Undergrad: 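The following block contains the structure, expressed as structure tokens.
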Number of protein chains: 2
Amino acid sequence: MNAPISLKTVTLHDVAKAAGVSLITASRALSNPGVVSEKTRARVQQAVEATGYIPNLLAGGLKSKRSLMVAGIVPALSVSQFLPTLEALSTALAAEGYQLILGQTAYDPDREEAVLNTMISRQPDGIVMTGLVQSPRAQERLRRSGIPVVETWDLSDRPVDMVVGFSHLKVGGAVAGYFLSKGWQKVGVATGGDSRAMQRREGFVATMGREVPTAVVPAPSSLALGRRALAELLEKEPGLKAVCCSSDTLASGVLVEALARGLRIPQDLAVCGFGDADFSAHTVPSITTVHVDGPGIGTLAARMILARCRGERPAQPIVDLGFRLVERASTA
Amino acid sequence: MNAPISLKTVTLHDVAKAAGVSLITASRALSNPGVVSEKTRARVQQAVEATGYIPNLLAGGLKSKRSLMVAGIVPALSVSQFLPTLEALSTALAAEGYQLILGQTAYDPDREEAVLNTMISRQPDGIVMTGLVQSPRAQERLRRSGIPVVETWDLSDRPVDMVVGFSHLKVGGAVAGYFLSKGWQKVGVATGGDSRAMQRREGFVATMGREVPTAVVPAPSSLALGRRALAELLEKEPGLKAVCCSSDTLASGVLVEALARGLRIPQDLAVCGFGDADFSAHTVPSITTVHVDGPGIGTLAARMILARCRGERPAQPIVDLGFRLVERASTA
DNA sequence: CTGTTAGCGCTTTCAT
DNA sequence: ATGAAAGCGCTAACAG
């Protein structure tokens, strides 16, 4: 039963010939089996096996206007914050026969625009952005393209199309409120420089009611940058009592640096992160953080895109998934 | 609130008409500018702007047999080990106009086969696997497809096509050799259950010259699993002196659990990881590990695929990038 | 340098 | 339930 080594690619035409049916019947047997007779279906199926046929989705997509691809855009793959979202998105899409094409913007609006143009060229059936679309020209182009777009990990009154996320301002406010309830006065912020992290800082400052010492570190955040940020903050504010970090990764660095300096946590210094990373509950001390449903965002984004592909109107184009402050040992 | 939605999509035909040239001239002006006159090129360019034309790569790819897409296959996006490779791969490809389509196998050969079939359907110009192709049927299918394939993060005498990585057996052996040189007798292994991690364990055991207590944890590895693994090992081997971990994430968990139990590192317990994660040099104590050039693997894989797309034969279809043991505080 | 002629492999009409 | 025709939007060939 060794299959013939076919140098020439096997097309549907070959399958049809092998099955003794017309091209279009073979096509239907594969993509719409309910509409052909049981016998024909079986014959075609057998011909597929015999020839080793693999469909050409490029050709199908050209005619049917469905590429079965969805573009997923992130600042960078190394921003681990978005991985659970991407993973859930990819899994949910794959279950329906859709594949994810990846794009990286490097937090640069120009690159974002370029990436989106390239993506549109590939006729994806949907586009999922982590974060809002920055460039106004890109927004315009996306609207014109008619492609379903879901912006995620943020909220907007006027999304390009749909948005699922939460308010970063409120997150910052919630952490500040928590700090205030603890009576901590000498507080600082260790944050990445991206717009969402800066918005959380803004919310924090607003609720605190005054400016606070801040260390801004470049993306992507890392344990090492967390250490450096704490060092910077302690210089600015020697008696620092609590730090609000823009990620758990940064928070873990703050933890390490604090321990290295002999500071006890939380007695000498309280630390709060963001994102509820997989390690945060298991470090010693465990990290107080803001939990966000990353996989939920990805799954919901997939559902919204797929519904739109089926021609359904979204019940809700703007979805606020909220967040939850998780109190752990680093502040308790 | 609705922008002027162009209902009909702008095609190259429209651009050509607007520029007053033939369809094919417009095509050339965009994809092969050197071959048309400067004046024509400018006219077409202007028509592109005026019409808001975005090329349809699906259509172009169908005819030209170049989809400008490369498939990247990982066990799961959450396996952070492969992220630097994926990121570098995507970046290197994007620089040449190629995009990455993502596939996840969940460490399952059946899913691997399914994912690869789906990918082949999309006519990618190359396929990059993290790890070797497991399923023999998938191997066969890939060979038949004629698509350039690079397997990574491992080595093989008989790759499907090309391979760039290193020997996991040798990694295990190197760590064991290091442990032996330190005179540690009561040693253990904390490892993920995937085939590459198990191969490193094999290499470790072979060089040690005897079986060693082992805790196997499910993928993906995490700090929490590292803690659990150390607990398990300490039960199996109460006087444990050194642990070889299959990832730095696991090692960081072992560190935390050891500290929680009042064990001093490295005096009471030495710990070695694998992968040289970004945090490993900055924890306290810093983690001894095996460094692998993840981005290098991705960049090289991209280069090999792109060279093949240009019709070049690869100078070396099998590339051993090696590894490097990095001694840090957790064993020194 | 530019244009004409043919398709790429498949799926949508429309017919039977 | 099946088939024939007609392209999807673009580019490789060959002309001119």
Side-chain angles (χ1 to χ4, degrees), chain A residues 6 8-44 47-48 51-69 97 120-125 145-146 309 311, chain B residues 6-44 47-48 51-69 97 120-125 145-146 311:
Chain A
S6 55
K8 201 176 78 61
T9 57
V10 178
T11 76
L12 198 51
H13 181 80
D14 303 315
V15 174
K17 219 161 47 183
V21 297
S22 79
L23 182 83
I24 181 58
T25 301
S27 169
R28 280 196 276 250
L30 296 177
S31 56
N32 201 357
V35 84
V36 298
S37 76
E38 177 58 36
K39 216 178 71 186
T40 307
R41 212 185 53 67
R43 282 238 304 274
V44 171
V48 167
T51 54
Y53 170 70
I54 296 187
N56 181 334
L57 255 46
L58 252 51
L62 181 57
K63 183 68 187 173
S64 68
K65 306 278 183 204
R66 277 177 295 107
S67 64
L68 298 181
M69 299 191 298
I120 295 175
S121 290
R122 300 191 183 283
Q123 316 287 121
D125 295 333
S145 75
C309 288
Chain B
S6 57
L7 290 169
K8 203 174 75 62
T9 57
V10 178
T11 76
L12 197 50
H13 180 80
D14 303 316
V15 174
K17 220 161 47 181
V21 297
S22 78
L23 184 77
I24 184 62
T25 300
S27 170
R28 280 196 277 250
L30 295 176
S31 56
N32 200 358
V35 82
V36 299
S37 78
E38 177 58 34
K39 215 178 69 185
T40 306
R41 211 185 53 65
R43 281 239 303 273
V44 171
V48 166
T51 55
Y53 171 70
I54 296 188
N56 181 334
L57 255 46
L58 252 51
L62 180 58
K63 181 68 189 172
S64 68
K65 306 279 182 202
R66 277 175 297 105
S67 64
L68 298 180
M69 299 192 297
I120 295 176
S121 289
R122 299 190 184 283
Q123 317 288 119
D125 294 333
S145 74

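In this text, all values refer to a predicted model and were calculated from it rather than measured experimentally. The basis for the numbers below is simple: all heavy atoms, side chains too, and nothing from hydrogens, waters or symmetry mates.
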Undergrad: Under a 4.0 Å heavy-atom cut-off, which of residues 33-40 of chain A touch DNA chain D?
TA: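 Residues of residues 33-40 of chain A under 4.0 Å from DNA chain D: Val35(A), Val36(A), Ser37(A), Thr40(A).
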Undergrad: Can you tell me which residue among Val15(A), Val21(A), Val36(A) is in a side-chain contact (heavy atoms from CB on, under 4.5 Å) with Arg43(A)?
TA: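 The passing option is Val21(A).
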Undergrad: Under the salt bridge (charged side-chain N to carboxylate O under 4.0 Å, His left out) rule, collect the residues that match up with Arg41(A), sequence neighbours excluded.
TA: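 Result, salt bridge (charged side-chain N to carboxylate O under 4.0 Å, His left out) vs Arg41(A): Glu38(A).
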Undergrad: So do the side chains of Arg122(A) and Leu68(B) get within less than 4.5 Å of each other, counting heavy atoms only?
TA: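 A side-chain contact under 4.5 Å exists here.
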Undergrad: Using a heavy-atom distance cut-off of less than 4.0 Å, which residues of residues 18-26 of chain B contact DNA chain C?
TA: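 Under 4.0 Å from DNA chain C: Val21(B), Ser22(B), Ile24(B), Thr25(B).
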Undergrad: Identify whether any heavy atom of Arg41(A) sits under 4.0 Å from a base atom; if not, whether one sits that close to sugar-phosphate; answer base, sugar-phosphate or nothing.
TA: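 Since no nucleic acid heavy atom lies under 4.0 Å of Arg41(A), the category is nothing.
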Undergrad: Polar-atom pairs under 3.5 Å, protein N or O versus N or O of nucleotides 7-9 of chain D: list them with distances, or write none.
TA:
residue	atom	partner	partner atom	Å
dC8(D)	O3'	Lys65(A)	NZ	3.1
dC8(D)	O2	Lys63(A)	N	3.3
dG9(D)	OP1	Lys65(A)	NZ	2.9
dG9(D)	N2	Ala59(B)	O	3.1

Undergrad: Write down the distance between CG (Leu30(B)) and P (dC10(D)), rounded to a whole number of angstrom.
TA: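 Result: 9 Å.
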Undergrad: How long is the span from the OG1 atom in Thr51(A) to the CG atom in Asp14(A), to the nearest 0.5 Å?
TA: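 The CG atom of Asp14(A) is 7.0 Å from OG1 of Thr51(A), to the nearest 0.5 Å.
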Undergrad: Which heavy atom in Ser31(A) sits nearest to a heavy atom in Pro33(A), and how many Å separate them?
TA: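 Shortest heavy-atom contact: C-CD, 3.7 Å.
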Undergrad: Of all the heavy-atom pairs spanning Ala26(A) and Ala16(A), show the shortest one and how long it is.
TA: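 Distance-wise, the nearest heavy atoms are CB-CB, 4.0 Å.
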Undergrad: Distance check, rounded to the nearest 0.5 Å: Ser121(A) atom OG versus Ile54(B) atom CD1?
TA: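 Between atom OG of Ser121(A) and atom CD1 of Ile54(B) there are 6.0 Å.
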Undergrad: How close or far is atom P of dA1(D) from atom CZ of Arg43(A), stated in whole angstroms?
TA: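 For the pair Arg43(A) CZ and dA1(D) P, the rounded distance is 16 Å.
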Undergrad: Leu30(B): which residues meet the side chain to side chain contact (heavy atoms under 4.5 Å, CB included) condition with it, sequence neighbours left out?
TA: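 Scan of Leu30(B) (side chain to side chain contact (heavy atoms under 4.5 Å, CB included), adjacent residues dropped) gives Leu12(B), Val44(B), Gln45(B), Val48(B), Tyr53(B).
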Undergrad: With side chains defined as the heavy atoms from C-beta onward, is the minimum distance between Thr9(A) and Gln123(B) less than 4.5 Å?
TA: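 With C-beta onward as the side chain, the pair stays apart.
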Undergrad: Can you give me the first and the last nucleotide of DNA chain C (5' to 3') that has an atom within less than 4.0 angstrom of a non-hydrogen atom in chain A?
TA: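 Span of nucleotides near chain A: dG9(C) to dT12(C).
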Undergrad: How many angstroms lie between atom CG of Leu58(B) and atom NZ of Lys63(B), to the nearest 0.5 angstrom?
TA: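 Going from the CG atom of Leu58(B) to the NZ atom of Lys63(B) covers 15.5 Å.
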Undergrad: Walk me through whether Asn56(B) and Leu62(A) qualify under side-chain contact (heavy atoms from CB on, under 4.5 Å).
TA: CA-CA 9 Å; Asn56(B) 181 334; Leu62(A) 181 57; 4.1 Å; yes
